[in-house]
Each structure stands twice: as structure tokens, then as C-alpha cells.
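Down below is the structure, laid out as C-alpha cells.
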Amino acid sequence: MGFWWRPLAVLAAVLLVAAIFWAASGANATLLFLTGIQAFVMLRRLWQEYRLSRWLEHPDEVSPPDATGTWGDIFYRLEKLQRRQHANRNQLTSSLERFEHAAMAVPDGMVILNRSEQIEWCNPASRQFLGLDPERDRGQFVRYLLRQANFLEFLDAADYSRCLVCKSPINREISLSLQLVPFGESQKLLVARDITDLERADVMRRDFIANVSHELRTPLTVVGGFVETLADNPQLPEIDARRYFNLMLDHTRRMQRLLDDLLTLSRLESAEHGLNDEPVNVPDLLLTLESEAQSLSRGRHTITLQLDNPLWVKGSVREIHSALGNLISNAVRYTPENGTINLSWSERNGEAVFAVTDTGEGIAAEYIPRLTERFYRVDHSRSRETGGTGLGLAIVKHVLTRHGARLEVKSIPGKGSTFAAVFPQSRVIKAADGDNVIKFPAREQAAG
Ligand code: ADP
């Protein structure tokens, strides 16, 4: 009703004036008056229609027409409609922009294909993994750009539950898992995920299982063989039986050591196993390790300990004992009789350094980077002869990494090696003046 009352009121007023004219001046004057009114109304309407059409043609440049009466009402409603559409369009644009930014930032390669398998859109990661260019390759047939036989088969099969594992066409080092996802009206999304690390971990896992099986097979075969021999020959001379038992004991111990090292590694690797941050009296620990080294060497080597600094470190005493112990035991095992082994604990540029220097067989430079790999051995027979599991330095590396420390290896073949565990400044606890807790030298503490 709001729209009608004003035009009806104007019409009523015109009719009233016309009736007054009729009574006062007759029919001709009334007709003239009504014709004048009609012409005015028509011209006004034409003017407003012109303004409206101009505005509709350039709604963003021309300001909306301003009028009173019914035209004013119409313009006001149209302007409101236009503002609402503007707001909706802005909202849609910003949602689209946000979606596009997110798709650009996704680390997986994403390619949208139309029903003819032409590229409609692809994100920057698809350049890195598939060599596609978001600008240049728009509209290209994906089959002409990625032509490997297994990929074409994969496209033809259109089996959306399957993933294709393949090498990146532009970098053979990258392993990809490709998946097709149908969407919209016969469009497809091709997703390329980088699974290089997963593949590497899988290869490592398989190698690890193969290595463990291989390591266990020899001692188990030996023990099994002796048990059979003993079972089949109850009358075996005691001297032979004793020899067999001793060999069985050696191999059983070897398996035991292997299992102990495997358990240590798995404990170190498990994420839940947090690091104990206790103050570790390293000088004291080194005294214990020195005597352990003496007993392992059984007088075959000259072992010295040089404690230059009373530094302690923050960490797990058990883990640090195991890591430094492994380095020392390697020095003893790989140094021939009458060789010298020096243990030292000192400060270097604020870092704490434990070094073990031996006059052993040394290691050629090309083997050094691989020493901390599990089961890696430079000299297999020497490692086995001396009871090595091939896991010692892998354990050392894990422990040091957990402590933010690093392993430095220097070696000259035929002359000897130095293995150094370097603890960062942040882990070092210095003996403060007047501090009674951290004493130096620690030798007295150990003796006491
Ligand atoms: P293993 O139990 O065989 O000693 P490790 O992981 O402790 O295993 O060491 C890996 C390899 O590094 C050893 O097999 C050995 O060849 C080499 N190695 C380690 N320490 C020394 C050393 N002090 N001198 C010479 N070679 C060493």
C-alpha cells in the first residue's frame, strides 16, 4: 500500500482541480489543463527512464538517480538490490581468492582436468613434481605432457580407488603417489603427493629386517649345529663337548649383544621416550669408563685420561655413558696390541668435547660418512671377531643428536683415529666459583 497512496493522492488532486476548472471555465479549459498535465507526466517519465537506463548501463561509474515519488521509490529499491549484489560478489571473490591461495600453498601437486583431459588449472607444486607450468600448460592435453606408459594406463583405467607410485618425470630422485579424484561434471583432479621420504623409510625398514635376519642367522646356525652334534653323539669326549659349549656360549652372547643394541636403538628412537635432563658429572663418568676400557683391553694397550676441565653437561647419564662407552670400546677393539688410546675432556669455544684418540688401523676418508649407518662396517671380519654388532656408532649418533651434540671423526689409515663427541654450549654446566657440588678434579670423587 506504501507505493499506491502517493500517486493516487496526486491523481485525486488533479481530478479535483479539473472539476473546479470545469465548473469555473468550461470543458475546453479543463481539456487544456489535463493535456498539459499529461505532457508533463510523460516528459518526467521519459527523463527518469533515461536516467535509469544510463545508470543501469554504467552502474559503477554513474551515481544512482535521485528522485522523489514513485520513481524515487523504484530507484531506492534498485540501488539496494545493487548494493546487496555487490556485497555478495565481494564475498564470493574473497572466498575464491582464499581457496586459490590455499590450493597454491598445498604441498601436493594439484591439476584440474576437464572431460577431455585438458589442463584447466594447476598449482605451483605441480611444476616441481610434474614439470607443469600453470600459465603455459593451461588448455594442454595432459597425455601429451606426461607420456610415461604407466601414467597413460593409469589415466585409461580411471580407477579412482588406486594410486600410481612412480618417479617424477623431471626429477628421478622424487617418488610420487598419483591419485585421480572425480568431481563436478566429468572433471578430474589429479593429485601428486611426494612420498620420497616414505619410500626411503620403507627401503630402510626392509634393509634393516634383512640385516637383522642375516646377523642372527650365523650364530643361530652355529648353535643349532653344535646342539645337533651333541644330541647325536652322547659319547663325545669331554674336551670336545667343552669346546662346543664354549663356542655356543660365544654365539649366544653375540645374539644377546645384538638384541641389547637393537633394544637400545629402538628405545632411543621411540618418540615418547623423552630425554632426562639431569646434570651429568662427565669427569666422574670418564673415570668409570677408563677403568672399563682397562678391563676390556686386558693390558694390551696404554690407556690415558686427560681431564682438562671440570665441565658437566645436562642430559641422560645412562645414554651418555652408553655413547662414550661405545666410542672407547671401538678404540680398544680396533687398535692392535701395544697401541695407545687417549681419552680427553676439554672445552673448545664454549663447547664441551670428549675425544678418544687411538693408534689403530684408521679409516679411509670415503667410509667415514657411512660409519653411523646401522650395520655398516669397514672391516667385517674384525668387527665380528671383536664382538661388534655394527650398531655401536648408530647408537652414538642417536644419543648425541638427542643431546644436540655432534660426532666428529678424523682418521688417517694406518695411523689411527679420533672420534669426538661435541656437546653444545647450551648443554654445558660450568663449575661456578665456590660451587661445592661440581668439584675438580673428579678423580677424588670417584675414589671416595
Ligand atoms: P661395530 O660393532 O662393528 O664396531 P660400530 O657401529 O661401532 O660397529 O662401528 C662401525 C664401523 O666403524 C666398525 O665396524 C669399524 O669398521 C669402524 N670403526 C669404528 N670405530 C673405529 C676405530 N676407532 N678405528 C677404526 N675403525 C673403527
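Note that ligands are numbered from 1 as they come in the structure, with each ligand's atoms numbered from 1 the same way.
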**OP:** Could you tell me whether Gln425 atom CD has more than 12 heavy atoms of other residues or ligands within 6.0 Å of it?
**Re:** no
What's the shortest distance from [atom] to any protein heavy atom, and which residue and atom give it?
atom: atom 19 (C) of ligand 1; result: Asn330 ND2, 3.5 Å
atom: atom 13 (C) of ligand 1; result: Tyr334 OH, 3.2 Å
atom: atom 6 (O) of ligand 1; result: Leu393 N, 2.8 Å
atom: atom 10 (C) of ligand 1; result: Tyr376 O, 3.3 Å
atom: atom 16 (O) of ligand 1; result: Val378 N, 3.0 Å

Evaluate the side-chain proximity of [Y] to [X]: yes if any heavy-atom separation is below 4.5 Å, no if none is.
X: Phe354; Y: Val282; value: no
X: Leu258; Y: Phe375; value: yes
X: Glu347; Y: Lys430; value: yes

Is a salt bridge present between [X] and [Y], judged by a nitrogen-to-oxygen distance below 4.0 Å?
X: Arg77; Y: Asp73; answer: yes
X: Arg384; Y: Glu215; answer: yes
X: Asp207; Y: Arg200; answer: no

Ligand 1 versus [X], non-hydrogen atoms closer than 4.0 Å: side chain, backbone, both, neither?
X: Asp358; result: side chain
X: Arg333; result: side chain
X: Asp379; result: backbone
X: Phe419; result: side chain

**OP:** Could you establish whether Ser417 and ligand 1 come within less than 4.0 Å of each other, counting only heavy atoms on the residue side?
**Re:**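 It does, in that a heavy atom of Ser417 comes within the 4.0 Å cut-off of ligand 1.
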Original post:
Below 4.0 Å from any atom of ligand 1, is there a heavy atom belonging to Leu371?
Top reply: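 Right, Leu371 reaches ligand 1.
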Subject >> Polar proximity ligand 1 side, Ile363 side, N/O cut 3.5 Å exclusive >> reply: no
Original post:
N/O to N/O below 3.5 Å, does that happen between Glu361 and ligand 1?
Top reply: no
Side-chain ([X]) to main-chain ([Y]) donor-acceptor, under 3.5 angstrom:
X: Glu408; Y: Phe419; answer: no
X: Asn123; Y: Met110; answer: yes
X: Asn326; Y: Ser322; answer: yes

Interfacing atoms of ligand 1 (cut-off 4.0 Å, heavy-atom, [X]):
X: Ser383; answer: 1 (P), 3 (O), 14 (O)
X: Gly392; answer: 5 (P), 6 (O), 7 (O)
X: Arg377; answer: 3 (O), 14 (O)
X: Thr389; answer: 2 (O)

Original post:
Nearest to atom 8 (O) of ligand 1 by heavy atom, Gly390, Pro413, Ser381: which?
Top reply: Gly390
Subject >> Name of the residue among Glu269, Glu319, His403 meeting side chain to side chain contact (heavy atoms under 4.5 Å, CB included) with His398 >> reply: Glu269
